[in-house]
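Okay, structure first, notes after.
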Amino acid sequence: MKINLETLVYTAGVVCLLAVCAASSESAVAADRSVGVTPVNDRWANDERATIASMRLSQLPPLPKEVSNAVDGSPAARDLGKRLFNDERFSRNGKVSCASCHDPLKSFQDGRPVGIGVGVGSRRSMPVVAAGYGPWLFWDGRKDSVWAQALGPLEDAVEHGGNRSNYAHLIEAHYRAEYEAIFQPMPDLTGVPPDAGPQGLPAEKTAWDGLAKTIQNDVSRIFANIGKLIAAYERTLSYGQSRFDRYAEAVVKGVPAGSSALTSTEIDGLRIFIGKGQCATCHNGPLFTDQHFHNTGVPQRDAASPDRGRAVALAKVVHDEFNCLGPFSDANANQCDELRFIASGGAELEGAFKTPGLRNVTSRAPYMHAGQFASLEQVVGHYVKAPAASVGHTELAHGAAGHTERKPIALSSPEVEALIAFLGTLSSPIIEGSKK
């Protein structure tokens with residue numbers, strides 16, 4: 001089944017996805033009805049209706065305040081953050097920006113199996129739209145806020161590949177007035193080397209170690225504030241209403257005409273999604289994600305260097321200097337419950353990765369944490385096959401063995417096609433503006 005691509009129109013105030021497949025989908029709906037097809041599948045039991053109701057975009061609560069970021073919600077911070085998000089100077093080669101991997105023209109991702117910055121990464125770039133609803137960021141959850149997440153790539157050797165003092169000097173040279181209008185006056189950077197930081201090349205580390213602790217702290221605070229500015233922008237990105245949402249609202253209100261929003265095949269796919277396909281076990285709620293980490297036996301991209309996922313990320317987020325409890329956080333300790341009471345880990349986190357949201361999923365190939373599958377057909381085929389995990393233990397049930405919480409997934413070819421057709425109904429505009 002070929003999925004039509006979507007075209008984006010990106011304006012200063014709004015990012016609007018114009019899905020070229022939307023017209024054909026609506027035409028298919030009309031044709032489905034015009035030939036006298038009775039939507040006999042458009043009837044739902046109470047529990048099914050409740051599940052559908054819970055997935056409506058209208059049920060998404062207001063975006064929670066990022067308590068560790070004092071400039072969250074500031075229009076000035078948002079505007080400056082957008083400029084930094086698109087500024088390629090914040091990279092070692094002057095050619096990589098946040099938008100390189102989170103392209104507004106591609107639903108804020110890059111369409112590649114793994115991210116490519118100054119080098120080649122090992123995981124897929126996750127979309128940043130609605131990222132603020134999850135307590136943990138990245139595929140492994142190694143960051144606990146959007147602003148801390150924004151900092152990671154800046155120092156990563158294969159992403160932006162830069163260093164803290166260089167970024168501080170860039171702010172001083174190009175954004176000083178705007179920065180100081182939001183934060184405190186910048187410290188004197190005279191004598192701070194142009195390239196120094198705790199990460200990066202040996203010479204940069206040596207230069208960093210030669211700085212007084214107070215200077216290191218000043219530079220790191222500027223660096224932290226860069227992340228907070230970018231987050232202030234990213235957290236204004238949200239999803240608009242999809243065809244599924246229109247249908248779900250009609251189902252909840254008991255309006256029969258609501259079935260005109262989806263074709264019979266798409267309604268069949270929804271039934272499979274919340275039923276025998278067991279998709280809603282993890283892909284639930286308005287964003288179609290439980291925000292948790294699961295091992296589903298996805299094959300390793302590099303068998304010689306297995307990716308253990310969440311199991312090794314726990315220590316990273318706990319000891320991150322930019323976490324909610326760190327010296328650059330604007331939160332009180334009692335506001336950091338997610339981090340204070342973080343799960344200590346267990347065998348279930350070995351090889352586990354974050355459940356991605358499914359809104360706009362048909363425009364986000366390839367799939368999984370390292371782009372292991374080129375199509376949604378391959379994704380669904382993997383869940384039906386349910387292979388053993390190469391790292392840890394898969395949560396999926398296989399054959400007659402069963403599972404304490406799951407059953408084997410058995411879908412026919414028409415059912416797979418219907419399921420994928422339903423996923424196409426989750427496409428919607430991406431809106432840039434004030435937080436909900």
Side-chain angles (χ1 to χ4, degrees), residues 6 14-64 107 129-130 132-133 237-291 355 357-363 415 417-431 433-436:
E6 295 178 325
V14 177
V15 178
C16 185
L17 277 167
L18 300 178
V20 296
C21 60
S24 60
S25 296
E26 297 290 359
S27 296
V29 173
D32 196 21
R33 305 301 177 231
S34 66
V35 296
V37 176
T38 302
V40 294
N41 58 349
D42 192 22
R43 301 169 185 165
W44 302 99
N46 289 339
D47 59 334
E48 295 172 323
R49 191 183 303 273
T51 298
I52 292 172
S54 70
M55 298 190 296
R56 293 172 295 163
L57 191 63
S58 62
Q59 297 305 293
L60 191 64
L63 186 65
S107 297
V129 182
Y133 281 96
L237 302 174
S238 61
Y239 292 107
Q241 191 178 66
S242 68
R243 286 198 296 124
F244 162 75
D245 295 304
R246 296 199 297 273
Y247 174 78
E249 292 291 350
V251 167
V252 170
K253 295 175 182 176
V255 180
S259 61
S260 63
L262 303 185
T263 67
S264 288
T265 298
E266 291 165 345
I267 294 172
D268 283 340
L270 171 57
R271 192 175 299 278
I272 293 165
F273 185 91
I274 66 175
K276 65 184 297 185
Q278 303 176 63
C279 311
T281 302
C282 298
H283 295 285
N284 49 51
L287 295 177
F288 290 81
T289 170
D290 61 3
Q291 305 288 358
T355 305
L358 296 183
R359 288 188 176 269
N360 288 356
V361 67
T362 56
S363 63
E415 287 174 327
E417 292 179 3
L419 177 57
I420 294 173
F422 163 69
L423 294 176
T425 73
L426 302 180
S427 294
S428 70
I430 292 176
I431 300 170
S434 299
K435 296 187 302 180
K436 180 179 177 181

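What you see is a predicted model, and the numbers here were worked out from it, not measured in a lab. Residues take their numbers from the sequence shown, with the count starting at 1.
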- Message: For a side-chain contact (heavy atoms from CB on, under 4.5 Å) check, start with the C-alpha distance between Phe273 and Thr51, then their side-chain angles and the critical distance, and finish with the verdict.
- Response: CA-CA 11 Å; Phe273 185 91; Thr51 298; over 6 Å; no

- Task: Run the numbers on Trp44 and Val252 for side-chain contact (heavy atoms from CB on, under 4.5 Å), then give the verdict.
- Result: CA-CA 10 Å; Trp44 302 99; Val252 170; over 6 Å; no

- Item | Test log, rule side-chain contact (heavy atoms from CB on, under 4.5 Å), inputs Arg271 and Lys276 | CA-CA 8 Å; Arg271 192 175 299 278; Lys276 65 184 297 185; over 6 Å; no

- Message: Could you go through Glu417 and Thr265, starting from their C-alpha distance and side-chain angles, then the distance that decides it, and tell me whether this counts as side-chain contact (heavy atoms from CB on, under 4.5 Å)?
- Response: CA-CA 8 Å; Glu417 292 179 3; Thr265 298; 5.9 Å; no

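The minimum heavy-atom distance between Leu270 and Met55, with the atom names listed, is CD1-CE, 4.1 Å. Taking both residues in full, the closest heavy atoms of Pro64 and Gly132 are given as CG-O, 3.8 Å, listed atom of the first, atom of the second, then distance.
Taking the six-membered ring where tryptophan is involved, the planes of Phe422 and Phe244 are perpendicular, since the angle between them exceeds 60° and thus also 30°.
Inspection of the Ser54 and Gln59 side chains reveals no N or O donor paired with an N or O acceptor under 3.5 Å. For the residue pair Ser242/Asp245, the side-chain donor-acceptor check at 3.5 Å is satisfied.
A donor-acceptor pair under 3.5 Å is formed between the side chain of Arg359 and the backbone N or O of Pro286. Judged purely by atom type and a 3.5 angstrom limit, Glu249 has no side-chain atom pairing as donor or acceptor with the backbone of Arg246. Thr425 contributes no side-chain N or O that, together with a main-chain N or O of Ala421, makes up a donor-acceptor pair within less than 3.5 Å. Arg49 places a side-chain N or O within 3.5 Å of a backbone atom of Val251 that can act as its donor or acceptor partner. Between the side chain of Tyr239 and the backbone N or O of Ser427 there is no donor-acceptor pair closer than 3.5 Å.
Atoms CD and CG, on Gln241 and Leu57 in that order, are 7.0 Å from each other to the nearest 0.5 Å. The line from CG of Leu426 to CG of Asn360 is 8.5 Å long, rounded to the nearest 0.5 Å. To the nearest 0.5 angstrom, Ile52 atom CD1 is 10.5 Å from Arg56 atom CZ.
Counting non-hydrogen atoms of other residues, nucleotides and ligands closer than 6.0 Å to CG of Asp47 gives a total above 12.
With a 4.5 Å cut-off on side-chain heavy atoms, Val361 and Phe288 do not count as touching. Residues Leu237 and Ile431 form no side-chain contact, since every pair of their non-hydrogen atoms from C-beta on lies 4.5 Å or further apart.
In this structure Thr355 satisfies the side-chain contact (heavy atoms from CB on, under 4.5 Å) test together with Cys282, His283, Thr289, Asp290, His294, sequence neighbours excluded.
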